[in-house]
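What follows is one structure encoded as structure tokens, with my remarks underneath.
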Amino acid sequence: MTNMTVHHYIGSPYELPTGSFGTKETLVPLSEVSSFNRNSKKEKIITIYEKEEDAYGISVNRLTDGYSDIKHVFTLPYIYELGEMFKFEDKQFVVVVK
């Protein structure tokens with residue numbers, strides 16, 4: 001089986017802000033959403049999303065050196081790599097359905 005990675009790029013006539021956009025998360029102590037807390041000495045912080053869609057977003061990143069070969073395809077001066085995000089990270093993940 002062969003694994004393949006797809007990269008998405010965008011060109012712009014002006015500099016774009018870089019970073020992550022679109023996710024709507026709230027960090028709260030576990031005790032606010034559950035009575036279950038094994039270690040009361042150290043409060044665990046978890047990430048809450050009101051809706052599943054709030055966990056999705058997009059990232060806009062400057063090109064890294066390894067991918068700068070794509071620049072010749074674009075006529076615009078600023079080239080960025082786009083990435084989609086689904087926030088799991090290494091934090092607890094909770095979706096609260098109302």
Side-chain angles (χ1 to χ4, degrees):
M1 178 181 226
T2 303
N3 290 331
M4 224 170 155
T5 302
V6 176
H7 294 269
H8 301 278
Y9 302 95
I10 187 171
S12 174
Y14 52 89
E15 278 193 79
L16 298 177
T18 57
S20 301
F21 306 94
T23 57
K24 298 176 188 170
E25 65 185 32
T26 305
L27 299 175
V28 298
L30 179 60
S31 61
E32 286 188 21
V33 293
S34 173
S35 59
F36 178 74
N37 191 0
R38 288 185 179 165
N39 188 356
S40 59
K41 294 178 186 174
K42 184 176 180 185
E43 182 71 58
K44 187 160 186 86
I45 302 297
I46 61 170
T47 303
I48 299 288
Y49 298 97
E50 294 287 327
K51 301 177 284 189
E52 184 178 345
E53 295 82 17
D54 292 341
Y56 291 93
I58 189 168
S59 63
V60 178
N61 304 301
R62 295 188 189 284
L63 284 182
T64 58
D65 290 336
Y67 294 97
S68 60
D69 290 345
I70 195 72
K71 287 182 178 181
H72 76 278
V73 177
F74 291 88
T75 58
L76 297 169
Y78 299 99
I79 313 301
Y80 299 89
E81 184 173 6
L82 299 178
E84 61 182 329
M85 298 178 340
F86 183 69
K87 292 281 225 156
F88 266 114
E89 298 177 4
D90 54 357
K91 299 183 236 173
Q92 289 287 334
F93 181 84
V94 176
V95 174
V96 177
V97 180
K98 291 184 177 183

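Just so you know, residue 1 is the first one in the sequence shown, and it goes up from there.
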Closest non-hydrogen atom pair, [X] against [Y]:
X   : Y   : result
Y80 : E15 : OH-CA, 3.3 Å
F74 : Y9  : CZ-CB, 3.6 Å
I79 : L76 : CD1-O, 3.4 Å
S12 : P77 : O-CD, 3.5 Å
R62 : T18 : CG-CG2, 4.0 Å

Gap between atom OG of S59 and atom CG of L82 - 0.5 Å precision
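It comes to 7.5 Å.
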Spacing of NZ belonging to K24 relative to OH belonging to Y56, to within rounding of 0.5 Å:
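OH of Y56 is found 14.5 Å from NZ of K24.
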